[in-house]
Amino acid sequence: MLHGGVRFQVAEKEGVAGRSRSASAMAELFVPLDQLLTVGGDSRLAINPASGLNEYGCQPSPCPDTLSFSSSTATSISGRAYERAEAAREALMRSAIVNGIDAAFDMRIEAMRDELRAHLGLAPALADVVFSPSGTDSQLQALFLARTLLGPELVTVVVAGDQTGSGTVNTARGCHFSAATANGSPVQKGEPIAGLTHAVTSLALPLFNEAGEARCHTASDLMVFDAVERAVAGGGKVLLQVMDSSKFGWRAPSDECLEAITARWPDDVQVVVDACQMRLGRPRLRKYLERGYMVIVTGSKFFTGPPFSGAVLVPGDFAAALNATGAIPAGLLEYISCSDWPRNWPLLRARFPVRTNFGQWLRWEAAIEEIGAYYRVPDSFRKMALTAFGQAVEGLIAASPSLDLLPWQERPIDAADEELAQRTIFSFTIRQGGGLRSLSDCRTLYRALAGHAVSGDLSPGAQACLIGQPVALGRDPSPPAALRISAGARLVSQVWSSDAKAAERNLRHAIDDAGTAIANLEALLAETELVRRI
């Protein structure tokens with residue numbers, strides 16, 4: 001009798017706690033949308049009160065007056081995506097009244113899986129979708145899934161380790177990559193995540209050599225193959241994280257190298273493709289999944305959704321093995337929620353806490369709106385617009401007295417790449433005397449171009465321009481760097497019109513905006529050079 005009474009009291013307390021949490025979640029939904037779009041991530045989303053921008057120069061509300069060619073880094077939310085997020089919030093409120101907030105939220109996340117797959121041309125049987133707050137969080141999920149498939153003793157081989165996100169040095173070893181998780185739990189950056197780091201080592205293979213020059217395909221492939229061979233010979237299982245595409249739009253290793261590796265060590269290597277830039281065709285995405293590779297994607301790079309939104313696309317054949325996984329690393333519970341996992345993995349889902357990460361959800365709502373808008377544009381126009389814009393930008397950089405375009409990676413023509421077989425990231429260095437501008441100089445110019453309050457600001461009335469953040473070339477203490485002008489999905493969807501003349505005018509206007517960005521940069525360079533001489 002007493003035992004039954006204790007059980008009743010415990011259940012009653014759990015019920016009270018659940019109702020309290022649900023009430024708190026409903027109240028959170030009424031927070032201003034701008035604020036909701038910045039929660040449930042990490043410190044990179046924090047808004048500077050003085051500027052109203054995050055560290056990437058983006059804001060959580062539309063800013064149509066800023067010229068934006070920054071999809072290789074991050075982009076502020078568009079008006080269209082903002083409206084989608086607002087409508088989604090209102091729809092969730094209505095659903096929560098009928099179904100309860102937890103059930104309503106979970107249903108919406110599951111529907112988003114289907115919507116994302118449909119836009120990307122992926123059959124439900126081919127891929128499961130595991131959502132996360134960012135591509136960096138997705139790397140932790142991929143590590144956990146690889147451990148489940150291969151066992152806990154892993155060597156993570158990171159290809160193009162110098163071209164991936166800054167958090168990869170930690171996630172590849174199963175360590176915390178920030179001072180707090182997306183769910184608000186304080187952690188120690190660089191310290192092991194409880195239960196995840198046991199017997200995990202990491203090896204980063206740089207894409208660029210010490211002089212800042214990209215390795216050729218042959219050298220890169222040989223380096224990757226040798227690293228995997230040594231790891232397997234040492235008795236380890238390998239999580240091989242490959243790059244498609246890098247911060248400069250490069251892919252490594254080659255398809256032939258990957259096929260050789262997986263053919264030789266089918267039971268010892270799990271490939272995960274870092275496709276966070278999303279500069280690859282839908283047939284290529286399908287090809288990766290058909291080969292049994294996991295793929296990390298985001299909606300916040302090429303597709304220009306607001307930062308951050310991550311997901312792991314998991315081959316559908318893995319579902320049974322992953323759903324039956326045993327113990328969950330305790331530290332991972334602070335990162336992942338029940339609704340992140342697909343519903344056809346019920347046993348795994350049940351091991352994770354029920355949480356409502358509204359920021360993660362709304363950023364994905366916005367990203368899916370951009371993805372859908374892009375793929376509703378006819379194939380031929382998408383290719384034409386990206387081609388015309390790319391040729392124009394290359395010409396603008398070539399005509400500049402101060403800028404040098406970095407070479408583009410030569411690739412075999414492959415229909416699987418669709419319109420993204422061509423270049424969409426235009427990386428350039430800035431000459432200074434007989435050398436190149438340093439990473440520090442480029443960061444100052446980047447911020448000044450975006451309108452930040454730094455020495456060498458834009459002239460009064462000049463239009464703020466957001467481009468891709470500078471990327472270091474080489475590994476010197478004070479390396480030179482490259483800046484980037486990038487074409488994103490929004491460029492295509494915003495210039496498209498069924499009226500051919502209107503579409504042509506829109507595209508010309510976008511090209512003129514890129515010219516304005518370069519002209520503003522040239523003006524800043526002239527001003528800073530004058531100040532230096534004085």
Enumerate donor-acceptor pairs with a distance under 3.5 Å from any side-chain N or O in residues 294-305 to protein atoms, sequence neighbours excluded.
{"unit_1": "Thr298", "atom_1": "OG1", "unit_2": "Cys276", "atom_2": "O", "d": "2.7"}
{"unit_1": "Lys301", "atom_1": "NZ", "unit_2": "Thr73", "atom_2": "O", "d": "2.8"}
{"unit_1": "Thr304", "atom_1": "OG1", "unit_2": "Arg490", "atom_2": "NE", "d": "3.3"}

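- Taking the side chain as every heavy atom from C-beta outward, Leu420 and Arg284 never approach each other to under 4.5 Å.
- Minimum heavy-atom separation, Lys247 to Gln163: CG-O, 3.3 Å.
- Ile336 is not listed as a side-chain neighbour of Ser132, based on a closest heavy-atom distance of 4.5 Å or more.
- Ring geometry, Phe144 versus Phe352: the interplanar angle exceeds 60°, so the pair is classed perpendicular (tilted spans 30 to 60°).
- Neither side chain, Gln360 nor Asp137, offers a donor N or O lying under 3.5 Å from an acceptor on the other.
- For Arg363 (side chain) and Leu37 (main-chain N/O), a donor-acceptor pair under 3.5 Å exists by modelled atom type.
- Using modelled atom types and a 3.5 Å distance limit, the side chains of Thr424 and Arg279 yield a donor-acceptor pair.
- No side-chain N or O of Ser438 forms a donor-acceptor pair with one of Ser440 less than 3.5 Å apart.
- Side-chain N or O atoms of Trp364 include one that pairs as donor or acceptor with a backbone N or O of Gly310 at under 3.5 Å.
- Using bins of under 30°, 30° to 60° and over 60° for the plane-to-plane angle, the ring pair Trp361/Phe105 lands in the perpendicular bin.
- For residues 35-55, no residue pair satisfies the ring-ring contact (aromatic ring centres under 6.0 Å, His included) rule, not counting sequence neighbours.
- Minimum interatomic distance between Ser43 and Ser178 (heavy atoms only, all atoms of both residues): OG-OG, 4.0 Å.
- Judged by distance alone, the side chains of Arg355 and Ser337 do bring a donor and an acceptor atom under 3.5 Å apart.
- Evaluation of the ring-ring contact (aromatic ring centres under 6.0 Å, His included) test over residues 150-203, restricted to residues two or more places apart or in two chains, returns His176-Tyr335.
- In this structure, a donor-acceptor pair under 3.5 Å is absent between the side chains of Thr156 and Gln241.
- Residue Val242 comes nearest to Pro253 through the heavy atom pair CG1-CD, 3.6 Å, listed as atom of the first residue, atom of the second, then distance.
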